[in-house]
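Structure record follows, encoded as structure tokens.
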4 protein chains.
Amino acid sequence: MTGKKTSVRHEVKSSVKDESLIEKRRDQMIRGAVKLFREKGFHRTTTREIAKEAGFSIGTLYEYIRTKEDVLYLVCDRIYEEVNDRLSQLAEKQGTVDGLKDAIRLYIETINDMDDEFTVMYQETKSLPKTALSYVLEKELEMAGLFERMLAGCSEAGEIRLTEKEARLGAHHIIVQGQMWAFRRWALRKQFTLGEFIEMLTDQLLHGVAGLQREGEAT
Amino acid sequence: MTGKKTSVRHEVKSSVKDESLIEKRRDQMIRGAVKLFREKGFHRTTTREIAKEAGFSIGTLYEYIRTKEDVLYLVCDRIYEEVNDRLSQLAEKQGTVDGLKDAIRLYIETINDMDDEFTVMYQETKSLPKTALSYVLEKELEMAGLFERMLAGCSEAGEIRLTEKEARLGAHHIIVQGQMWAFRRWALRKQFTLGEFIEMLTDQLLHGVAGLQREGEAT
Amino acid sequence: MTGKKTSVRHEVKSSVKDESLIEKRRDQMIRGAVKLFREKGFHRTTTREIAKEAGFSIGTLYEYIRTKEDVLYLVCDRIYEEVNDRLSQLAEKQGTVDGLKDAIRLYIETINDMDDEFTVMYQETKSLPKTALSYVLEKELEMAGLFERMLAGCSEAGEIRLTEKEARLGAHHIIVQGQMWAFRRWALRKQFTLGEFIEMLTDQLLHGVAGLQREGEAT
Amino acid sequence: MTGKKTSVRHEVKSSVKDESLIEKRRDQMIRGAVKLFREKGFHRTTTREIAKEAGFSIGTLYEYIRTKEDVLYLVCDRIYEEVNDRLSQLAEKQGTVDGLKDAIRLYIETINDMDDEFTVMYQETKSLPKTALSYVLEKELEMAGLFERMLAGCSEAGEIRLTEKEARLGAHHIIVQGQMWAFRRWALRKQFTLGEFIEMLTDQLLHGVAGLQREGEAT
DNA sequence: CATGAATGAGCGTTCATTCAT
DNA sequence: GATGAATGAACGCTCATTCAT
């Protein structure tokens, strides 16, 4: 539907040739970086700390990246990869409210599992170099697009009634609520379990705050 | 009503005695800092730049603060002050859906006016020293509490039906959507005007995605 | 005579305002840098060493320059300044062989006094950033021009006979011999005193290797 | 004639046994290194770049040398070898001015052909380790000695009249002019062709600046 | 013999903070 | 109260060299 696939992957150069080694080392690196970024933020984390946490020397770190910002980009990229992997199982059931509910559940659960990564991503995104930033933002728009099409599908199937704009805002709403679960957990998890949160969220999205009818509708 | 008033203001020490001068200088400082933080983030902004933008020397800057983080705190503090000032006019009309709508409108409009400040606050909050951070988070809970009480008020007045938990989530929802209007504006403002956003937000909060009835309710 | 005065001074930015302080600190810096560059070359000298030799901290060093290359430029610039100061006393006596001899003597003596500086300059020049490099080369061409005009003047005055090209080569010859006295001193000073060198140089320039007549001339 | 043969070749250790392979690899290495040193200087060239330019890995590079400076030494050594090869054809014709002129021509032409190598050598010489440095300087003195003997030969043969010191300075003069053609080419080649330069140089060496008689000589 | 991943000392540079004037 | 020169710890990054494969 969105024909344009402009998102050119922002390649991170490595001076190491062995692709599988690159994969392995970057894995270590990302794992370490996420932990540190979560604790102290991108700017307060030093490259030496990342290397140490990853289990190798500063020299080795720089065999696999070019700049510190590359690490941040790698982290962001990894997150989208994983979220997309998880969400891609939802291709079927398009156009049903049940399918939408499943998607929301899956999305929030994914965030719940990866909340360090998400928090990092939403708080440090602006430190990305220009080209990496636009790649990441595009990825996010793709994700929003996925929910937008689901909502539009439900509307076409007649299960709910939505204008195009409403579908767009609804998609945005879902994305944002997911982010909220990640980076407002200091407030939310004292009061809600994961299950409660998902249920209430879905409920509120579909029905709004209880007891009110849409204007112009009969009781 | 909220009995607990634990939020001890995180004092920022100044070596200058004249209170009105402190006020004036900090004003200049905050104005300059917000501009710079918005452009380049807290970490990429230097104290020299803040001083320069504020119109005095670093020496002078350090007469009014103790550390760079103090500036960030001052910025955050100022924001809540202003938001509270604006929202405090809403004390009346508690317990009506119209009052709630007005509050949401006022809140989002405030954010729209101060979006630089808000963006800064939500992106840099974690750089605050511990005590300042908890003060700021508490301030935000107060704000959420304001909306929570409004929702609860409406429920008590019978206009809508909400459990305590639902009211709490609804309040978070409002807060978070406001934040989104500030720091996801790159995505949202291409698609919605301020008015549209407020309307759809309110609508969605109260009615959910169109056309669906709450389960167990008659059509 | 050479109408074009394109040599735009390559400004070195300092974050310190006080001009006389800049002068003083850069003096210390240049003195220290020359010593170190002489001993170990530009690349093997660290900025910390320069700062230490100059008598202040690394932080202070960077208040007066922007990059390490600025130090090198400052050194080169200083040398030309001094040489020009010294040579400018020769404006009169243009057009006489005696004037030329004096100029050569003065030039070589200057180099003899500043030979560390000259050695540094001729060996490290290529490490200069582009704009600084062309400024320095231009300065040197100016100096060559000075000798070229002197030779041409003698020729016009009829004391010697030279084509334009010969005058130009003669000027280069003088410049280069001066450089040699600076950075081939390990070979030369074992065998010649300063006076001898000047005398022989002048002699050779004017008369060539002894005993031969220009072809076509009578004995 | 010069009885002392103190120049002990500064051996460069290789962990490879096969002599002809050593020869071959070092050839590649030198060729690559000269190109890179010329472009960026010794210090700005990395060992990885040298290896790559030579066509093998750094691992392999270090099988044939011990330190980066060894590469520089190898380059310098190669240059003298080649120059000596070229100049050695001049053993005959000693003692004639024509022989001297041929030698000068050959020397300058050699430099013209190898000017990258010469430039590198004269600019990076000081980065050589102590023992390598003295070996190289000695080589150069040998070359100067060659010209010195030629001049002395001419004098003995009665073609020109020179004291020992004058012969020494004359030799130095020739060497220096050659260097000048290599590393002042930015200035010289705009104004002179190779042929012109050689001719004027020879002329000036033998006759000096035109039109002047040696003092005390009759016209 | 050849490879190239790993190492870490060391470099140039920045910037929050201090304090004498 | 205001200034801005001085400080030095700390940062991101490089690169000569080693050594297991």
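Heavy atoms of T45(D) sit under 4.0 angstrom from primed sugar atoms or phosphate atoms, though from no base atom. Backbone-only contact: S15(C) has heavy atoms under 4.0 Å from sugar-phosphate atoms and none from a base. The residue R25(A) sits close only to the backbone: its heavy atoms come under 4.0 Å of sugar-phosphate atoms, none of a base.
The side chain of T46(B) sits closest to dA16(E) out of dC1(E), dG4(F), dA16(E). You'll find that the side chain of T60(D) is closest to dA2(E), out of dG12(E), dA2(E), dG4(F).
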So which protein N/O to nucleotides 17-21 of chain F N/O distances come out below 3.5 Å?
{"unit_1": "dT17(F)", "atom_1": "OP2", "unit_2": "Y62(D)", "atom_2": "OH", "d": "2.7"}
{"unit_1": "dT17(F)", "atom_1": "OP2", "unit_2": "K68(D)", "atom_2": "N", "d": "2.9"}

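In this structure, the side chains of C76(D) and E124(D) stay at 4.5 Å or more apart for every pair of heavy atoms. With a 4.5 Å cut-off on side-chain heavy atoms, Y73(D) and I65(D) do not count as touching. Between L72(B) and F37(B), the closest side-chain pair of non-hydrogen atoms falls below 4.5 Å.
One finds a salt bridge joining R48(B) and E63(C) here, because a Lys/Arg side-chain nitrogen approaches an Asp/Glu carboxylate oxygen to under 4.0 Å.
With sequence neighbours excluded, no residue satisfies ring pair (Phe, Tyr, Trp, His ring centres under 6.0 Å) with Y64(D). Qualifying side chain to side chain contact (heavy atoms under 4.5 Å, CB included) partners for I30(A), counting only residues two or more places apart in sequence or in other chains: V34(A), L74(A), V75(A), R78(A). Annotation: side chain to side chain contact (heavy atoms under 4.5 Å, CB included) contacts of T67(D) (sequence neighbours excluded): E69(D), D70(D).
H43(C) places its NE2 atom 15 Å from the C1' atom of dG10(E), with the value rounded to the nearest Å. In this structure, CG of L36(A) is placed 13 Å from P of dC11(F), rounded to the nearest angstrom. In this structure, the CG atom of L61(A) is 15 Å from the C1' atom of dC15(F), given to the nearest Å. Rounded to a whole Å, the NZ atom of K24(B) is 13 Å from the P atom of dG1(F). Remark: C1' of dG12(E) and OH of Y64(C) are 19 Å apart, rounded to the nearest angstrom. In this entry the distance linking NZ of K17(A) with P of dA6(E) reads 14 Å, nearest Å. Atom-to-atom, CD1 of I50(B) to P of dA16(E) comes out at 8 Å; the value is rounded to the nearest Å. R44(C) places its CZ atom 11 Å from the P atom of dC11(E), with the value rounded to the nearest Å.
Ring geometry for H43(A) against H43(B) counts as parallel: the plane angle stays under 30°, on a 0 to 90° scale with 60° as the upper cut.
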Quick one: side chains of residues 49-61 of chain A, donor-acceptor pairs under 3.5 Å with protein atoms, not counting sequence neighbours, listed by atom name and distance.
{"unit_1": "E49(A)", "atom_1": "OE1", "unit_2": "K40(A)", "atom_2": "NZ", "d": "3.1"}
{"unit_1": "E49(A)", "atom_1": "OE1", "unit_2": "T46(A)", "atom_2": "N", "d": "2.8"}
{"unit_1": "E49(A)", "atom_1": "OE1", "unit_2": "T46(A)", "atom_2": "OG1", "d": "3.4"}
{"unit_1": "E49(A)", "atom_1": "OE2", "unit_2": "K40(A)", "atom_2": "NZ", "d": "2.6"}
{"unit_1": "E53(A)", "atom_1": "OE2", "unit_2": "K35(A)", "atom_2": "NZ", "d": "3.0"}
{"unit_1": "S57(A)", "atom_1": "OG", "unit_2": "G59(A)", "atom_2": "N", "d": "3.4"}
{"unit_1": "S57(A)", "atom_1": "OG", "unit_2": "T60(A)", "atom_2": "N", "d": "3.2"}
{"unit_1": "S57(A)", "atom_1": "OG", "unit_2": "T60(A)", "atom_2": "OG1", "d": "3.2"}

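Positionally, the nearest nucleotide of DNA chain E for D18(D) lies more toward the 5' end than for the other of G55(A) and D18(D). Place F42(D) and L21(C) on DNA chain F by their nearest nucleotides, and L21(C) ends up nearer the 5' end.
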task = Would you sketch DNA chain E in dot-bracket for me? Only Watson-Crick or G-U wobble pairs with both distances under 3.5 Å count, crossing pairs as [ ], other-strand pairs as |, the rest as dots.
result = .||||||||||||||||||||
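The number of heavy atoms from other shown groups lying within 6.0 Å of NZ (K126(C)) is above 12.
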